[in-house]
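Below, all heavy atoms of this structure are taken into account, side chains as well, without hydrogens, waters or symmetry copies. Here the structure is a predicted model, which means the values were calculated and not measured.
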Amino acid sequence: MKYSLWLCPPESSPSFVLLDSLLSDVSKSLLTERFVPHATLFSPVLADNDEDAVDQVRKYAKTLAPGGIHVDIAALKTGSKYYQCILLEAINSDSLLAANNAAREYWNAQSQPLFNPHVSVAYGQLASEELNNAETLVRSMLPNDLQQLSFVAKEIRIVMTVGPCSQWYIAGRVPID
């Protein structure tokens, strides 16, 4: 099975409330899939089952510096990939870059494409004009200060990401101590 490592804002934080509301509104407006606000730290983690995936991530998490992983939002962008249609670009903070590099090393994936930290706002394949209209709509929904959307992840969510988004599920959570 294939798993992805997600960094999510703490559910009680203002950034979670803002991001979750934004993703909900965008999903309704654009008729796109709804998902939990997150930045993908690394993928894929290959495992036979959920328990094995969680065990791998527990061991990996012991290599990380304590204090959480900073996800600092910098700008709204659009992309050509399905899972990066409309996204909030994140700055390569020291903790975020170190965590991704440690994951690449742990899972022997140094040859993966360069890390592009972001929080997706909408998944999809939109034609150029649709994408421009969607970007304008999303921009109108954003707070003036994008730093309000930034967060420090205190845990790693292990998400089974095979099949359509509606079939994904959280296989486990591992704290970043």
Side-chain angles (χ1 to χ4, degrees), residues 1-9 11 13-46 69-101 103-104 107 109-153 156-170:
M1 296 180 77
K2 176 184 161 252
Y3 299 85
S4 298
L5 305 186
W6 285 8
L7 302 175
C8 300
E11 292 176 1
S13 70
S15 58
F16 176 84
V17 172
L18 286 168
L19 284 166
D20 193 55
S21 176
L22 173 67
L23 271 59
S24 177
D25 292 347
V26 169
S27 173
K28 288 174 191 167
S29 296
L30 300 179
L31 303 176
T32 55
E33 296 181 84
R34 177 70 165 95
F35 48 88
V36 174
H38 68 280
T40 300
L41 173 63
F42 180 80
S43 184
V45 171
L46 302 176
I69 299 172
H70 294 255
V71 179
D72 297 314
I73 302 301
L76 179 68
K77 300 279 184 180
T78 60
S80 58
K81 296 179 183 175
Y82 182 85
Y83 295 112
Q84 296 176 15
C85 180
I86 302 175
L87 55 103
L88 295 165
E89 184 178 58
I91 297 167
N92 259 324
S93 69
D94 291 343
S95 61
L96 185 57
L97 194 55
N100 176 263
N101 286 335
R104 287 165 168 271
W107 281 284
Q110 292 90 339
S111 63
Q112 277 194 353
L114 289 175
F115 184 45
N116 176 26
H118 65 277
V119 173
S120 289
V121 177
Y123 295 160
Q125 290 291 332
L126 301 177
S128 181
E129 187 176 332
E130 285 179 297
L131 189 57
N132 289 339
N133 292 340
E135 180 184 15
T136 300
L137 174 71
V138 171
R139 194 170 301 284
S140 74
M141 297 175 171
L142 291 173
N144 290 332
D145 179 10
L146 291 181
Q147 276 298 308
Q148 293 178 45
L149 303 174
S150 298
F151 59 92
V152 178
I156 299 169
R157 292 191 190 178
I158 302 103
V159 181
M160 195 292 298
T161 52
V162 174
C165 187
S166 60
Q167 293 178 359
W168 297 355
Y169 63 87
I170 298 170

Check your understanding: Which class fits the ring pair Trp107 and Phe42: parallel under 30°, tilted 30 to 60°, perpendicular over 60°?
Key -> parallel

Review point. Roughly how far, to the nearest 0.5 Å, is the CG atom of Asp145 from the CD1 atom of Ile73?
Key: 11.5 Å

Practice item. Classify the ring geometry between Trp168 and Trp6 as parallel (under 30°), tilted (30 to 60°) or perpendicular (over 60°). Key: perpendicular

Exercise for review: Quick one: list whatever passes ring pair (Phe, Tyr, Trp, His ring centres under 6.0 Å) with Phe16, sequence neighbours left out.
Suggested key: none

Review point. Is there a donor-acceptor pair under 3.5 Å between the side chain of Gln84 and the backbone N or O of Thr78?
Key: no

Exercise for review: Mind checking the CG-CZ spacing from Leu76 to Arg139? Nearest 0.5 Å is all I need.
Suggested key: 4.5 Å

**Study point:** Glu135 side chain near Val138 side chain, heavy-atom distance below 4.5 Å
**Key:** no

Review point. How long is the gap from OH on Tyr123 to OH on Tyr83, to the nearest 0.5 Å?
Key: 7.0 Å

Exercise for review: Would you confirm whether Ser21, through its side chain, and Leu18, through its main-chain N or O, come within 3.5 Å as a donor-acceptor pair?
Suggested key: no

Practice item. Walk me through it: do Asn101 and Arg104 pass the test side-chain contact (heavy atoms from CB on, under 4.5 Å)? Key: CA-CA 5 Å; Asn101 286 335; Arg104 287 165 168 271; 4.0 Å; yes

Revision key, fill the gap. Quick note, salt bridge (Lys or Arg N to Asp or Glu O under 4.0 Å) partners involving residues 156-165, not counting sequence neighbours, are Glu11-Arg157, Glu155-Arg157

Check your understanding: Are side-chain heavy atoms of Val121 and Val119 found at a separation under 4.5 Å?
Key -> no

Check your understanding: Between atom CG of Asn116 and atom NZ of Lys81, what is the distance when rounded to the nearest 0.5 Å?
Key -> 7.0 Å

Revision key, fill the gap. The complete set of salt bridge (Lys or Arg N to Asp or Glu O under 4.0 Å) pairs with one or both residues in residues 14-40, sequence neighbours excluded, reads Asp20-Arg34

Check your understanding: So do the side chains of Leu126 and Cys85 get within less than 4.5 Å of each other, counting heavy atoms only?
Key -> yes

Check your understanding: Any idea which heavy atoms bring Val71 and Ala39 closest together, and the distance?
Key -> CG1-CB, 4.2 Å

**Study point:** Donor-acceptor under 3.5 Å (Gln112 side chain, Ser43 main chain)
**Key:** yes

Revision key, fill the gap. Phe115 meets the ring pair (Phe, Tyr, Trp, His ring centres under 6.0 Å) criterion, sequence neighbours left out, with none

Practice item. Report yes if the side chains of Ser4 and His38 come closer than 4.5 Å at any heavy-atom pair, otherwise no. Key: no

Please set out all donor-acceptor pairs under 3.5 angstrom arising from side-chain atoms of residues 86-97, sequence neighbours excluded.
residue: Ser93; atom: OG; partner: His70; partner atom: O; Å: 2.9
residue: Ser93; atom: OG; partner: Leu96; partner atom: N; Å: 3.2
residue: Ser95; atom: OG; partner: His70; partner atom: N; Å: 2.9

Review point. Is there a side-chain contact between Ile170 and Ile158, using heavy atoms and a 4.5 Å cut-off?
Key: no

Exercise for review: Flag yes if more than 12 heavy atoms outside Gln110 fall under 6.0 Å of its CD atom; otherwise flag no.
Suggested key: yes

Check your understanding: Around Lys2, counting heavy atoms of other residues, nucleotides and ligands shown, do more than 12 lie under 6.0 Å from its NZ?
Key -> yes

Check your understanding: So, do Leu19 and Pro9 sit near enough that their side-chain heavy atoms are less than 4.5 Å apart?
Key -> yes

Study note, to complete from the structure: Looking only at heavy atoms, the pair that brings Tyr169 and Met1 closest together is OH-CE, 3.5 Å

Check your understanding: Sequence neighbours excluded, which residues qualify as side-chain hydrogen bond (donor to acceptor under 3.5 Å, both in side chains) partners of Asp72?
Key -> none

